[in-house]
Amino acid sequence: MNENLSSQLQKYLDLSDEERIFFIQKDKWIDYPEANKILTKIEDIYKAPKSIRSRGMLLYGDSNNGKTAILKRFYRKFSKDEYLDEDGDLIHLMPIVYVIAEASSDESVMFTEILSSMNVPVNHKEKVTKKKEEAVYYLNLMQTKLIIIDEIQNVLHGPHNKMAQLITSLKTLNNKTGIPIILAGTQDAMSAISIDNQTKSRFKPYELPLWNNDENFLRFVATIEAMLPLKKASNIYKNYELLTYIHGLSNGCIGEVINILKDAAIYAIRTKTERISKKEIKESL
């Protein structure tokens, strides 16, 4: 019996190999202190009363380092809201609008994406001024409390004047609706909000750093191991050499750590070793 496996997952050891592999491949939320700190900050922004200059955030960090997982975790928690009106009809609201910025997004593309995220039919040839008016109208109608725009670094691929114009439009949208905006992207995204001090204060930068090879990293790896239904305990947290090897392969990037351990666990199931060692990791790369 794998004593490191979470008690809630012990039952998964009775599944077939393919069922266990399927379970490993599914996305799962993994708790860690930095993520919970960011979730608390976002919740504070979400629950704050509307104001003319409501303060948002820029969440930035290396690619595949957990930004989107954190945002989707928050989105799943608060994205649905509904109530019965005086006629007994069920009214669906949209507390959070979640947008993924397309490559070279300009004003027109961005507001099309915002409207599409609210399931509003959009005429792509419509003037951007009309799209902005519709966005303000529907955001208020749906009682939206937060706008999240992920992969904001994609706007950097366009001309600088278009990028500045887009960021200015987002500030104006914030002014008109009082709805705070969370931006998220890679390290390059810092350039998108460094246009002036006013923009930086509107989208306060918050970095999601890479992991150091320390006690926090050890606990994070132990948490992942507890979610992998292998029949033998790997005890990675007790093996400093193996921890250092994993940290080096991943460069301290959360997504890479998870992928390395998932792939090694799948290899361990298929080869019947049922535990993760350096061999399983090497062979599964």
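Keep in mind it's a predicted model, so treat the numbers as computed, not measured. We count residues from 1, following the sequence as given.
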Determine, using the 4.5 Å side-chain heavy-atom cutoff (strictly less than), whether [X] and [Y] are members of one ILVMFWY cluster.
| X | Y | answer |
| --- | --- | --- |
| L208 | I100 | yes |
| L230 | L243 | yes |
| I179 | V136 | yes |
| Y206 | L58 | no |
| M118 | I147 | yes |

Pairing donors with acceptors under 3.5 angstrom, does anything connect the side chains of [X] and [Y]?
| X | Y | answer |
| --- | --- | --- |
| S6 | Q8 | yes |
| E256 | N64 | yes |
| E207 | Q187 | yes |

Pi-cation contact, F23 with K28 (under 6.0 Å, within 45°):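 Yes, a cation-pi geometry holds between K28 and F23.
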Can you tell me how far [atom2] of [Y] sits from [atom1] of [X], rounded to the nearest 0.5 angstrom?
| X | Y | atom1 | atom2 | value |
| --- | --- | --- | --- | --- |
| M227 | Y12 | CE | OH | 10.0 Å |
| I148 | L183 | CD1 | CG | 10.5 Å |
| N123 | L115 | CG | CG | 11.0 Å |
| I276 | N239 | CD1 | CG | 12.0 Å |
| M110 | L173 | CE | CG | 10.5 Å |
| Y98 | I182 | OH | CD1 | 11.5 Å |

side-chain hydrogen bond (donor to acceptor under 3.5 Å, both in side chains) assessment of R55 paired with N174: CA-CA 9 Å; R55 199 172 185 182; N174 171 234; over 6 Å; no
Heavy atoms only: give me the nearest [X]-[Y] pair and the separation to one decimal.
| X | Y | result |
| --- | --- | --- |
| G178 | S54 | O-OG, 3.3 Å |
| I269 | P229 | CD1-O, 4.4 Å |
| S79 | P95 | O-CD, 3.2 Å |
| K262 | I24 | CE-O, 3.1 Å |
| K50 | N140 | NZ-OD1, 3.8 Å |
| S117 | V97 | CB-CG1, 3.8 Å |

SB check [X] [Y] (cutoff 4.0 Å):
| X | Y | value |
| --- | --- | --- |
| K131 | E107 | no |
| E34 | K37 | yes |
| D150 | K72 | no |

Any side-chain heavy atom of [X] sitting closer than 4.5 Å to one from [Y]?
| X | Y | result |
| --- | --- | --- |
| E151 | T68 | yes |
| F203 | K171 | yes |
| D263 | L285 | no |
| Y267 | K279 | yes |
| Y138 | N119 | no |
| E102 | E113 | yes |

Measure from the side-chain N and O atoms of [X] to the backbone N and O of [Y], and report whether any donor-acceptor pair falls under 3.5 Å.
| X | Y | value |
| --- | --- | --- |
| E280 | S277 | yes |
| T144 | L146 | no |
| K67 | D62 | yes |
| N259 | G255 | yes |
| S250 | V257 | no |
| Q10 | N2 | yes |
| N251 | C253 | no |
| D106 | S108 | yes |

Listed once per pair and sorted, the side chain to side chain donor-acceptor pair (under 3.5 Å) pairs that draw on residues 217-229, sequence neighbours left out: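 Residue pairs passing side chain to side chain donor-acceptor pair (under 3.5 Å), neighbours aside: N4-E225, N216-R219.
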side-chain contact (heavy atoms from CB on, under 4.5 Å) assessment of N36 paired with L39: CA-CA 5 Å; N36 288 323; L39 285 168; 4.0 Å; yes
Mind checking salt bridge (Lys or Arg N to Asp or Glu O under 4.0 Å) for [X] and listing every partner two or more places apart, or none if nothing turns up?
| X | result |
| --- | --- |
| E43 | K47, K77 |
| E274 | R20 |
| R275 | none |

Trace of the side-chain hydrogen bond (donor to acceptor under 3.5 Å, both in side chains) decision for T244 with E241: CA-CA 5 Å; T244 302; E241 181 186 350; over 6 Å; no
Candidate pair I152 and I149, rule side-chain contact (heavy atoms from CB on, under 4.5 Å), full reasoning: CA-CA 6 Å; I152 192 64; I149 303 176; 3.9 Å; yes
D27 CG: over 12 foreign heavy atoms closer than 6.0 Å: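 No, because the 6.0 Å sphere around CG of D27 holds 12 heavy atoms or fewer from other groups.
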Evaluation steps, side-chain contact (heavy atoms from CB on, under 4.5 Å), between D17 and K272: CA-CA 9 Å; D17 289 355; K272 309 300 181 185; 2.5 Å; yes
Trace of the side-chain hydrogen bond (donor to acceptor under 3.5 Å, both in side chains) decision for E19 with S16: CA-CA 5 Å; E19 286 172 323; S16 68; 3.2 Å; yes
Pairs touching residues 32-51 that satisfy ring-ring contact (aromatic ring centres under 6.0 Å, His included), sequence neighbours left out: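 For residues 32-51: Y32-W211, Y32-F220, Y46-F74, Y46-F78.
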Qualifying ring-ring contact (aromatic ring centres under 6.0 Å, His included) pairs, either residue in residues 238-263, two or more places apart: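 Of all non-adjacent pairs touching residues 238-263, those that pass ring-ring contact (aromatic ring centres under 6.0 Å, His included) are F217-H247.
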Evaluation steps, side-chain contact (heavy atoms from CB on, under 4.5 Å), between I281 and L242: CA-CA 10 Å; I281 292 174; L242 186 55; 3.8 Å; yes
